[in-house]
Amino acid sequence: PSLPGLGQFFSPCSLRRLWLVLNKIYLYVCMFFFFFFSSFIGDILNLQVYYPWEFLSSSPCRTVVFPLMTSGVTYWVIKSLQQLDICSSCINSYTLLVSPRLLFTVFSFILDYSVYRLAPFWEADPWKALVLLAGSYVTLVFYTRTFTNTLEGLLFALLMLLVSSRKSDGSLAEPTSSPLIGIITTAGFFNRPTFLAFALMPLLYWAALIVDSQKSIKTVINHFLKLLLCACFTAVVFVTADTFYFTSIVIVTPFNFLSYNLNPRNLALHGSHPRVTHFTVNGIMLFGILHILAIGAGFKMLKKYIHQLIRVKSHYHRSSGLSVHSEGNPTLLLFYFVPLAFLSLFSHQEPRFLIPLILPLVLFSTSQNRAAKWKHIIIIFNVLGALLFGCLHQGGLIPCLLHLEQLMHSPESSNQPSHYRLLFAHTYMPPRSLLNIKKRDTHVEVIDMAGSEEETLCQTVEQQVNNFICNDCHVFVIIPGTVRATITKCGVSFKNETLIFPHLSMEDPPQIPFLFSGNWRSHSRGSAVALTPAVEHSGPRGEPLQGAAQTENR
């Protein structure tokens, strides 16, 4: 027997309270839990940063408009507060991390508003849809982070909101948002050209409503002209901004993006995946049972329509437009599966590319109470997902950078400046901005070894230690606990001062036997940072060389 629905356990008032509690958790996570960091922090706050290849003037593939309007604004506010002496120490690693995330957390309520307004239109209960959305770890982890995919999801939600309108009597309303639809579609295209995959079905749905609701061809043309003119104007704004920022030559960043990503060799540099990865792995990883339910419903509906087509003999009656009452659920499934299919055409497939699809999936799952009997599985899945992706996965990198920033800006270090070399290995690319190092400062050097082999890593460690022999020189190596055995083979003396727990690197996962041993914590720790100024390292002739402070696990 099926389990009771949410409505039998929670009253509408209780659902509202649950939604509020879940959103308070978002703010807590934003403030206290610690990857896309805006490169423009270096331009605004004059800090050392790493510029990804997408933002290099030689081949700009990403627009500067959205980073400057989001993270850039928060950094400018922080800088202004410090210049006005309102906050004497506003610029630090914590505020640089939290301020843009707090802004994105506020923006994430656009998703909640869209779900609340869209749910009645697609025959779903608004508060059940909001609770399902707020309880998803995708909303908690990804929509409080400064990903371009997050902005893509918010723009997709606004686009769905604009194309879905109904009169008070329940009939479809005449679309009147052609200019806004043009602006949002173009803005989404410049944010990520893949936005066209998400926008395709809403635009087709809008076009069908326009044609169905208008008897005059002149009025139909007028709607399309408004959309086109506003889209062109928005494109000019983005092109102008990017051109002024990168170079004097006209820059159209989406074309550079498409030119790069349509080359299979370029995608292979970032990792190639089977074309079915989104369908079979990423969808389940992000949405769990909701993705499986959508696939099952899709096959059932497809089977139903195939049987109907077979039974058609003399003629078939084609419905005008897309009927929400009779085909609302099939339409929502198209909103979900069409973008999924287009994104599957590319060989590089990361789970975060699919996070905008949570909106149609939540609406589909709460219509006809589809997700109610799976609520226990949904709760367990999202709790585990939040712990894995919001806390454990690469969980030591940010706390390590915050600790290093405090160490290098301590009063002792300020009075006697030291030289630091920070070597990161088998971690995600460290966001240098969190070290809060001015561009003119040369006493800190960051070396990103990525996933280097054991021999290369040892050679680099030995070289850094042997060549860095000043009295105030320090070498830190930041690695996962699973790589500690490699460092011990390098012949370099090191000292572990601080271990950060928990940390999980999926690129270097701990072996199963270690998880059941008494030493499992050593393979699950984060970065270790040496607090002492130096440790001794035995040189070629046995004399001690100063300056090899060693870390352990990140």
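Please read all numbers here as calculations on a predicted model, not as lab measurements.
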Set out, in order, the CA-CA distance, both residues' side-chain angles and the distance that settles side chain to side chain contact (heavy atoms under 4.5 Å, CB included) for V73 and L68, then state yes or no. CA-CA 6 Å; V73 169; L68 289 176; over 6 Å; no
Before giving the answer on side chain to side chain contact (heavy atoms under 4.5 Å, CB included), spell out for N191 and R62 the whole-Å C-alpha distance, their side-chain angles and the decisive distance to 0.1 Å. CA-CA 7 Å; N191 175 60; R62 294 289 177 85; over 6 Å; no
Heavy atoms of other groups near F224 CZ, more than 12 under 6.0 Å: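 More than 12 within 6.0 Å, yes.
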In terms of heavy-atom contacts, does OH of Y260 have more than 12 from other residues, nucleotides or ligands at under 6.0 Å? yes
Check whether [X] reaches the backbone of [Y] with its side chain - one donor and one acceptor, N or O, closer than 3.5 Å.
X	Y	result
T185	I181	yes
S71	P67	no
R101	T144	no

Can you tell me how far the [atom1] atom of [X] sits from the [atom2] atom of [Y], to the nearest 0.5 Å?
X	Y	atom1	atom2	answer
T234	I184	OG1	CD1	9.5 Å
F107	L102	CZ	CG	10.5 Å
S99	I78	OG	CD1	3.5 Å
F195	L200	CZ	CG	11.5 Å
L103	M69	CG	CE	10.0 Å
L151	F190	CG	CZ	15.5 Å

With a 3.5 Å cut-off and no angle check, do the side chains of D242 and T63 form a donor-acceptor pair? yes
Testing the 3.5 Å rule here: is there a donor-acceptor pair between the side chains of T148 and R192?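 Their side chains do contain a donor-acceptor pair, which is all the 3.5 Å distance test asks for.
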Distance-only donor-acceptor pairs under 3.5 Å for side chains of residues 279-294, two or more places apart:
unit_1 : atom_1 : unit_2 : atom_2 : d
T280   : OG1    : V276   : O      : 2.7
N282   : ND2    : H278   : ND1    : 3.0
N282   : ND2    : Q349   : O      : 3.4
H291   : ND1    : Y336   : OH     : 2.6
H291   : NE2    : F279   : O      : 2.8

Do [X] and [Y] touch side chain to side chain, with heavy atoms closer than 4.5 Å?
X	Y	value
T70	P100	no
L204	M201	yes
F66	L155	yes
L225	I221	yes
L154	F104	no
H348	S272	no
L227	W206	yes
I398	P431	yes

Which atom of [X] lies closest to which atom of [Y], heavy atoms considered:
X	Y	answer
T150	R145	OG1-O, 3.3 Å
V138	I358	CB-CD1, 4.0 Å
N382	S136	OD1-CA, 3.3 Å
L111	A157	CD1-CB, 3.8 Å
C230	P179	SG-CB, 3.4 Å
A297	F364	CB-CZ, 3.4 Å

S80: which residues meet the side chain to side chain contact (heavy atoms under 4.5 Å, CB included) condition with it, sequence neighbours left out?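 Testing S80 for side chain to side chain contact (heavy atoms under 4.5 Å, CB included), a comparison that skips the adjacent residues, returns W76.
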Residues forming a side chain to side chain contact (heavy atoms under 4.5 Å, CB included) with P60, sequence neighbours excluded: F246, I251, T253, N256
Just say parallel, tilted or perpendicular for the rings of [X] and [Y], cut-offs at 30° and 60°.
X	Y	result
F156	F198	tilted
Y116	W127	perpendicular
F147	F142	tilted

Ring center gap for Y137 and Y143 short of 6.0 angstrom: no
One pair to check against side-chain hydrogen bond (donor to acceptor under 3.5 Å, both in side chains): R370 and S367. What are the steps and the verdict? CA-CA 6 Å; R370 286 184 175 85; S367 63; 2.8 Å; yes
So F238 and V252, side chain to side chain contact (heavy atoms under 4.5 Å, CB included) or not? Walk me through it. CA-CA 8 Å; F238 276 86; V252 185; over 6 Å; no
With side chain to side chain contact (heavy atoms under 4.5 Å, CB included) as the criterion, how do L262 and F346 come out once you've worked through the C-alpha distance, each side chain's angles and the decisive distance to 0.1 Å? CA-CA 8 Å; L262 290 176; F346 297 91; 3.9 Å; yes
